[in-house]
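Everything below concerns the one structure shown next.
In what follows, every chain begins at residue 1, and chains take the letters A, B, ... in the order their sequences are listed. Just so it is clear, the values below take in all heavy atoms, side chains as well, and ignore hydrogens, waters and symmetry mates. Since the model is a prediction, treat every value here as computed from it, not as a measurement.
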Amino acid sequence: MSTTTESGKPVVRFAPSPTGYLHIGGGRTALFNWLYAKGRGGRFLLRIEDTDRERNNPAAVAAILDGLTWLELDWEGEPVSQFAQAPRHREVAEALLASGNAYKCYLTAAELDEMRKAAEAEKRPLTIRSPWRDRDPAEAPAGVPHTIRLKAPREGETVVDDRCQGRVTFANKDLDDLIILRSDGNPTYNLAVVVDDHDMGITHVVRGVDHLTNAARQTQIYNAMGWRVPVWAHVPLIHGADGAKLSKRHGAQGVEEYRSMGYLPVALRNYLVRLGWSHGDDEIMSTEQLIQWFDIDDINKSASRFDFKKLDDLNAHYIRQSDDAELVRRVRDMLPHLDFVALAVITPDPKAPPRSDIALAREVASVLPDVQTGADLAQRFEAKGWDRFAAAIPSLKERAKTLADLVSGALYLVAERPLKLDEKAAKLIDAEAKSLIGGLLPQLEAASAWTAADLEAAVRTHAETTGAKLGKVAQPLRAALTGRTVSPPVFDVMAVLGRDEAIARLKDHMS
RNA sequence: GCCCCGUUCGUCUAGUGGCCCAGGACGCCCGCCUCUCACGUGGGUAACAGGGGUUCGAGUCCCCUACGGGGCGCCA
């Protein structure tokens with residue numbers, strides 16, 4: 001399974017621990033790795049860090065793969081299960097023991113506890129110094145289980161030459177002999193990572209800075225095995241808007257939440273890549289450009305804060321740029337992930353990110369009270385025909401920040417007659433409006449063509465002959481046709497609705 | 001507590017000793033466009049954490065302080 005890299009092309013990996021979802025920060029790490037590999041003809045591999053049996057959960061693994069797939073980050077081959085490599089990890093631990101680079105340690109939990117307490121009492125940093133490092137194993141107490149510890153150097157320093165963090169040195173006296181094999185015979189994380197990265201032929205390790213000290217420990221294992229240390233790149237973390245570690249209360253941790261909020265993968269990628277990395281003043285970059293331009297040397301060292309406003313702007317840009325068929329496909333893919341009933345009861349924190357999925361849920365609750373989930377709503381659109389939705393998209397996508405906005409803007413299509421008008425819309429339909437529309441109706445019924453351009457011409461003429469401003473007639477039309485004061489251009493709305501439906505909606509409000 | 005790392009407009013960032021009385025983007029504010037909302041467009045607001053050095057010259061180099069973050073498991 002061992003691969004060499006005579007080609008000089010990088011082999012990188014993304015190695016998430018299966019926690020149940022793909023963390024947004026992990027998504028960016030995966031993106032960095034993916035871009036680096038793609039840009040250099042390298043390989044992007046996946047490994048699941050499931051050494052801990054409790055994390056060995058197929059559903060959690062599936063969620064991560066699903067997240068990566070949605071983000072459109074493809075990996076090579078089957079994901080490696082770290083847990084499955086345990087025998088090989090043990091083998092390496094034995095080899096280290098045999099070469100004198102590791103030793104059996106009979107320290108008990110109670111003894112360790114004592115050392116910890118003593119260190120605390122003396123206000124001195126705790127560094128475990130196992131007496132078994134130099135003690136004759138023959139003196140080992142019978143029946144006491146042992147761990148295997150690395151015989152780490154105590155003098156000098158361990159250097160992590162990092163492409164992102166620079167040259168970081170750790171004094172070996174501060175690093176204790178880490179356990180590589182637990183007393184139950186299972187490998188620990190640091191051993192497993194080193195062995196797997198070596199066996200997978202990983203040349204560059206790109207991961208979060210929270211692993212920086214692990215890099216020092218892992219370097220000691222590489223050295224003890226005489227293996228080549230990979231190139232390190234420890235990237236800064238992403239924080240919430242308040243600067244604290246990104247957590248649930250910041251809105252969204254898992255990439256699947258961004259999917260259900262209506263973000264496009266291409267937009268999320270563009271947003272994420274600019275967190276900690278830049279290419280001059282470039283903001284909107286195609287995937288091809290990113291692949292060409294991305295380099296780990298250009299990643300910053302400081303953490304960044306997540307800003308939904310900017311993500312929204314990027315997402316709006318990519319929605320405008322997407323073709324209509326793709327947007328329909330995206331909406332149909334997203335809808336099943338929405339539960340309007342659950343969303344509608346969320347009280348948005350005014351300081352929290354704007355949630356257009358929540359806004360949509362409220363809209364649905366008021367306009368289509370019997371619709372409970374995205375799947376229900378999808379059926380409504382299905383019944384009208386998705387082509388009607390597609391026809392509405394050109395004018396809708398100009399003003400949508402998210403796919404949820406697109407759906408919300410298209411709600412007028414599936415609304416039931418007679419339309420329930422919102423408060424502002426109802427106020428627009430006064431006596432004057434009724435008379436204007438009443439005068440217009442016969443012309444509409446007689447109109448030879450029902451296109452936006454023809455309708456606009458007809459309405460403009462009607463406005464001129466009656467001496468009314470265009471807004472005086474357009475606004476009430478909008479209100480009667482959509483139930484709202486805000487919508488795409490009203491002539492587009494009429495065209496999409498079709499003659500019969502449009503005229504019927506107008507008549508509904510004439511009495 | 002100890003060990004590492006960081007700190008440029010509200011936010012993401014450009015900037016690698018003179019091109020910077022600091023540029024771009026998002027946001028925000030004021031116009032224009034306009035059937036509403038957007039888009040687009042014109043303009044505006046706003047930052048080198050603080051203090052010492054080095055240098056003819058510092059956002060850029062060095063030191064200290066403050067603040068922030070990460071790590072200190074037989075978790076990953």
Please report the distance separating the [atom1] of [N] from the corresponding atom of [M], rounded so that it comes out in whole Å.
N: B:C74; M: B:C67; atom1: C1'; result: 36 Å
N: B:G50; M: B:U7; atom1: C1'; result: 11 Å
N: B:A58; M: B:U8; atom1: C1'; result: 14 Å
N: B:C39; M: B:C30; atom1: P; result: 15 Å
N: B:G70; M: B:C29; atom1: P; result: 33 Å
N: B:C19; M: B:C61; atom1: P; result: 16 Å
N: B:U13; M: B:C4; atom1: P; result: 25 Å
N: B:C21; M: B:U11; atom1: C1'; result: 24 Å

Heavy atoms only, 4.0 Å cut-off, all strands: where does [X] land among base, sugar-phosphate and nothing?
X: A:Gly276; result: sugar-phosphate
X: A:Asp282; result: nothing
X: A:Ser278; result: sugar-phosphate
X: A:Glu283; result: base
X: A:His234; result: nothing
X: A:Arg274; result: base
X: A:Ile179; result: base
X: A:Val168; result: sugar-phosphate
X: A:Pro145; result: nothing
X: A:Leu175; result: nothing
X: A:Leu272; result: nothing
X: A:Phe491; result: base

Taking only Lys NZ, Arg NE, NH1 and NH2, and the carboxylate oxygens of Asp or Glu, determine whether [X] and [Y] approach each other closer than 4.0 Å.
X: A:Arg88; Y: A:Glu91; value: yes
X: A:Arg399; Y: A:Asp405; value: no
X: A:Glu464; Y: A:Lys469; value: no

*asked:* Check the phosphate of B:C35 against A:Arg460, side-chain N and O only, distance under 4.0 Å to OP1 or OP2. Yes or no?
replied: yes
*asked:* For a quick test of reading the model: is some side-chain N or O of A:Asn300 closer than 4.0 Å to OP1 or OP2 of B:A14?
replied: yes
What is the distance, rounded to the nearest whole Å, between atom [atom1] of [X] and atom [atom2] of [N]?
X: A:Arg478; N: B:A38; atom1: CZ; atom2: P; answer: 12 Å
X: A:Leu181; N: B:G73; atom1: CG; atom2: P; answer: 19 Å
X: A:Tyr189; N: B:C72; atom1: OH; atom2: P; answer: 11 Å
X: A:Arg320; N: B:G40; atom1: CZ; atom2: C1'; answer: 9 Å
X: A:Asp113; N: B:G73; atom1: CG; atom2: P; answer: 12 Å
X: A:Ile128; N: B:C3; atom1: CD1; atom2: P; answer: 18 Å
X: A:Asp313; N: B:G10; atom1: CG; atom2: P; answer: 19 Å
X: A:Lys301; N: B:G70; atom1: NZ; atom2: P; answer: 17 Å

*Counting only heavy atoms not in A:Lys151, do more than 12 sit closer than 6.0 Å to its NZ atom?*
yes
*Taking the six-membered ring for Trp, is the centroid-to-centroid distance between A:Trp277 and A:Phe294 below 6.0 Å?*
yes
*A:Tyr106 and A:Trp132: aromatic ring centres closer than 6.0 Å?*
yes
*Any donor-acceptor pair under 3.5 Å joining the side chain of A:Asp210 to the base of B:G71?*
no
*For the base of B:C74, is there a side-chain donor-acceptor partner from A:Ser183 under 3.5 Å away?*
yes
*Pick out which of A:Gln218, A:Arg217, A:His211 makes a side-chain hydrogen bond (donor to acceptor under 3.5 Å, both in side chains) with A:Asn190.*
A:Gln218
If pairing requires Watson-Crick or G-U wobble contacts with both distances under 3.5 Å, which nucleotide is the partner of [N]?
N: B:G10; value: B:C26
N: B:G68; value: B:C5
N: B:G40; value: B:C32

